[in-house]
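One structure is given here, and the rest of the page talks about it.
Quick note on labels: first sequence line is chain A, next is B, and so on, each numbered from 1.
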Amino acid sequence: MTENNQTPFIEDNDQTRARREHLERIQQLTGNAYPNKFRRTNLTTSAEGEDTITSVVAQFKHHEPPRAEGQRPTPEQLEAANAALKAFGDVRVSGRLAVPPRVMGKAAFVHLSDGRERLQIYVRRDDVQQLNHRGRTLDGWELFSLLDHGDFIGVEGFLFVTKTGELSVHVREFEFLAKALLPMPDKMHGISDPEIRQRQRYADLIAGSLKIDRDEEGGAGQAHELTTREVFERRSKIIREMRAFLDERGYIEVETPMLTPIASGAAARPFKTHHNALDIDLYARIAPELYLKRLVVGGFERVYELNRNFRNEGISTRHNPEFTMLEFYCAYMDVNGMMDLCEEMIKRVVNTVCGGLQVQFNGRSIDFNNFKRLTMKQAIVSCLTIENSENPLTAEMLNDPAVVYGLEKRLLELEGEPYPLDIEQEGGSVNDQIRGRLNLINFNELAKTTISSPQLPDPEEIGRKIEFLFERIVEGYFIGRLEQPVFITDFPKPVSPLSKASPDDPSVAERFELYIAGMECANGFSELNDPVEQYERFREQGQARERGDEEAMQMDTDYVRALAYGMPPAAGIGIGIDRIVMLLTNRRSIRDVILFPHMRPAAPKVEEAAANETAESANEQAGGQGA
RNA sequence: GGGCCGAUAGCUCAGUCGGUAGAGCAAGUGGCUUUUAACCACUGGGUCGCAGGUUCGAGUCCUGCUCGGCUCACCA
């Protein structure tokens, strides 16, 4: 038996010991427990060009006689089905043992899985005792007895339907293909610990493919919960559909640098690294935006990139340090055209992937038929005037600096008041109470207040305050208003340094963000293409940075220079793919739609830690010798 | 970073008031040639996340720590 310290990645317990012993005996019996290939037949139509369990099930499952619950098919039905199946001849398929072998004396049933579908095989001792196994004759029944849940085998035999009516392969020959030295998860429960599911996605995927689901609750037409595999298959489909949508419209897909000397194009803290040969610091990109617009300058009228961005910020159910973004740019289009295009694209993707425009997410129904559009000021107002019809706040009133200042002051006062607030109110959380109090503000009074601020209202400051009010009131207390798809438009110019100002109102940018289920899913605008103004905006950002705003955008003089060659009017957008996938797979955490999400390293076990330490000191010694 | 919750056999989970560590599945042995969450009998399997403390005695109570989940804050 293998010493445990030679395989530190395998725990030593009764399960793994049994599997190792089986492996040794298989090795002796077959001469090679890890063969290089298995040839499958090609009776079915499949993309793979050979028979998979999925393709065999897809093509032959319909031969199973219709049977009522708990009823067995009649002998006549079986005879007809088996006669039909026999005509197809022998099939060779392979897969993982999806269950522990059910051995009944001198015959056995096992299910094989190819990761998607499962197919039952039937093995009789008398059929395989003289087994031709890769050129040598051996006792196939003995080999079969050494199989464990999770092993890979290839089988050859004829298709038939069992007495209970299940499509199966009656095995004549089989080959051992690979061993599972680690025990499989519980066949009924799978893996429930989210930590293991995310750290060891392979185990999660295996567990999903091996799990026996009795689909009892499928009666009311309820869409079943997607398996992990189905989530990622759907993710792939979403991305494929988006690419197709853009390709059809003449967009060119490009790849721009992931490692950049300046992390710009968004407001976020970057990851920093160092290039040794050039001896310069580089930053993992936080957005491809400025490179893509250089390409618009260069004559790519329609261009897109679908790839990863990296932001050195918090991790949450909606944030992963690396996330996938689709950005595309279209020359001669403005922000309104881009909203139309975005809406059209998302509708098509949703419809194709989910088979309709009503999608269940987190217990709510999202209606993708209807994308609303609200200016940022309208959105704020819509939260505050519901119960206050005699004293309505209007979007126009938010043009008055006194109202903006007064509202901010009142909001901060309300938030500063200790719990419980002094108004008489039965129950309700602090947030409920603040919501209630916000509705009771006398907006007409606010309009009459004088600004106590020493200096005259600075338009820049007002813009930031409006965004602050939006974030606090709409995104905070009234996030439910952003549940159905809604474009929030007319962002304040000071917080939108890459956007063109609105021709109607120089204080706002032609910019939008798309909110769905309270999540920010997309951000787009009419691209600022005046190099002089862009230079000034970057300088203002630089000043904000000096004032301590770590996230103010970095100046990129080469980008400004590119604009100086002339960029046509254009609109661009960034769409957060992970969040779209969350919406369309009904997953509440971004970690459930990213195969290998970032997590804090698990605490090493005692022996592992010791092993790592010796490895590290060995490395250090080697490094010291080299230097 | 704050709050709440969780970590017990390979997996899923019980474990009462502080008094010898439990079940199902999985594993091992035997039986069974159309089963299907196969079945029947027997057997083995534990650093109770880690480190301290209280106690005659800790899976259980206390403190600290690690990892995770939810949530708030942060984050265009």
- Give the intermediate values and the outcome of side chain to side chain donor-acceptor pair (under 3.5 Å) for residues A/Q198 and A/H598. CA-CA 9 Å; A/Q198 289 161 15; A/H598 287 284; over 6 Å; no
Query raised in the report: Checking ring pair (Phe, Tyr, Trp, His ring centres under 6.0 Å) for the pair A/F512/A/F525: CA distance, chi angles, key distance, verdict?
Result: CA-CA 6 Å; A/F512 67 86; A/F525 36 88; 8.3 Å; no
_Using the rule given for salt bridge (charged side-chain N to carboxylate O under 4.0 Å, His left out), can you reason through A/E460 versus A/R464, listing the C-alpha separation, both sets of side-chain angles and the distance that settles it, and then say yes or no?_
CA-CA 6 Å; A/E460 176 135 336; A/R464 292 185 191 281; 3.3 Å; yes
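Comparing the P positions of B/rG68 and B/rU8 gives a spacing of 15 Å, expressed to the nearest Å. Comparing B/rC5 with B/rG49, their C1' atoms sit 15 Å apart, to the nearest whole Å. Comparing B/rC62 with B/rC25, their P atoms sit 35 Å apart, to the nearest whole Å. B/rG59 and B/rU20: their P atoms are spaced 10 Å apart (whole Å). Spacing of C1' atoms, B/rG45 relative to B/rC11, comes out at 14 Å, to the nearest Å. The C1' atoms of B/rA58 and B/rA41 are separated by 38 Å, rounded to the nearest whole Å. Comparing the same atom, P, in B/rC4 and in B/rG46 gives a spacing of 36 Å after rounding to whole Å. B/rC67 and B/rU29 have their C1' atoms separated by 39 Å, given to the nearest Å.
Here the P atom of nucleotide B/rG28 and the CZ atom of A/R25 are 10 Å apart, to the nearest Å. Distance, A/Y202 OH to B/rC11 P: 13 Å, rounded to whole Å. Taking atom CD1 on A/I121 and atom C1' on B/rU35, their separation rounds to 13 Å, with Å as the unit. Per the geometry, CG belonging to A/D193 stands 19 Å off P belonging to B/rU66, to the nearest Å. In this entry the distance linking CD of A/E11 with P of B/rG49 reads 17 Å, nearest Å. Distance A/R318 CZ to B/rC70 C1': 12 Å, rounded to the nearest Å. To the nearest angstrom, P of B/rC11 lies 9 Å from CD of A/Q15. A/L85 has its CG atom 20 Å from the P atom of B/rU34, to the nearest Å.
Within the 4.0 Å cut-off from OP1 or OP2 of B/rG68, at least one side-chain nitrogen or oxygen of A/R600 is found. Residue A/R102 places no side-chain N or O under 4.0 Å from the OP1 or OP2 atom of B/rU35. For A/R199, a side-chain nitrogen or oxygen approaches OP1 or OP2 of B/rG68 to under 4.0 Å. The shortest distance between the side-chain N/O atoms of A/R591 and the OP1/OP2 oxygens of B/rG69 is below 4.0 Å. OP1 or OP2 of B/rU34 has not a single side-chain nitrogen or oxygen of A/K163 nearer than 4.0 Å. The phosphate of B/rC32 has neither OP1 nor OP2 within less than 4.0 Å of any side-chain N or O from A/R125.
A/A18 comes within 4.0 angstrom of sugar-phosphate atoms only, judged by non-hydrogen atoms across all strands, and of no base. At a threshold of 4.0 angstrom between heavy atoms, the contacts of A/Q120 include nucleobase atoms, whether or not backbone atoms are also involved. Contacts of A/F160 with the nucleic acid, taken as non-hydrogen atoms under 4.0 Å apart, include base atoms. Heavy atoms of A/H149 sit nowhere under 4.0 angstrom from any nucleic acid atom. Note on A/M599: only backbone sugar-phosphate atoms sit closer than 4.0 angstrom, heavy atoms only; bases stay farther off. Residue A/N13 is in sugar-phosphate contact alone, with no base atom involved, counting any heavy-atom pair closer than 4.0 Å across all strands shown. Nucleic acid contact class of A/V99 (heavy atoms, under 4.0 Å, all strands): none. In this structure, A/R197 reaches neither bases nor backbone, as no heavy-atom distance under 4.0 Å exists between it and the strands shown. Within 4.0 Å (heavy atoms only), A/T317 reaches sugar-phosphate atoms of the nucleic acid but no base atom. Within 4.0 Å (heavy atoms only), A/E471 reaches no atom of the nucleic acid at all. Heavy atoms of A/M553 sit under 4.0 angstrom from at least one base atom. Within 4.0 Å (heavy atoms only), A/H22 reaches sugar-phosphate atoms of the nucleic acid but no base atom.
For the pair A/K86 and A/F160, the cation-pi criterion (under 6.0 Å, within 45° of the ring axis) is not fulfilled.
The side chain of A/P100 approaches B/rA27 more closely than any other nucleotide in the set B/rG10, B/rA27, B/rU35. Closest to the side chain of A/R472, from the set B/rU33, B/rC75, B/rC74, is B/rC74. The side chain of A/P183 approaches B/rG10 more closely than any other nucleotide in the set B/rG10, B/rG68, B/rU34. The side chain of A/S589 lies closest to B/rC70, out of B/rC70, B/rA38, B/rU33.
Taking a pair to require two hydrogen-bonding distances under 3.5 Å in either a Watson-Crick or a G-U wobble arrangement, B/rC61 pairs with B/rG53. In this structure, B/rG1 and B/rC72 make a Watson-Crick or G-U wobble pair, each of the two defining distances being under 3.5 angstrom. B/rG6 is paired with B/rC67 under the criterion used here, namely a Watson-Crick or G-U wobble arrangement in which both key atom distances are under 3.5 Å. Taking a pair to require two hydrogen-bonding distances under 3.5 Å in either a Watson-Crick or a G-U wobble arrangement, B/rA38 remains unpaired.
Atom CZ of A/R118 has more than 12 neighbouring heavy atoms from other residues, nucleotides or ligands inside a 6.0 Å radius.
Side-chain contact check for A/H22 and A/D151: no donor-acceptor pair (N or O, by modelled atom type) lies under 3.5 Å.
Note on A/K293 versus A/D556: no salt bridge recorded, every NZ/NE/NH1/NH2 to OD/OE distance being 4.0 Å or above. Ion pairing of A/D90 with A/R172 is present here, as a side-chain N (NZ or NE/NH1/NH2) and a carboxylate O approach within less than 4.0 Å. At a threshold of 4.0 Å, the pair A/E461-A/K465 counts as salt-bridged, since one of the basic side-chain nitrogens sits closer than that to a carboxylate oxygen.
Toward the 5′ end of RNA chain B lies the nearest nucleotide of A/E195, the other residue of the pair A/E513 and A/E195 mapping further downstream. Comparing A/S192 and A/K187 along RNA chain B, the residue whose closest nucleotide (by nearest heavy atom) sits nearer the 5' end is A/S192.
Not a single donor-acceptor contact under 3.5 angstrom links the side-chain atoms of A/H189 to the base of B/rC11. For B/rG10, the base has no donor-acceptor partner in the side chain of A/D186 [N/O atoms by modelled type, under 3.5 angstrom].
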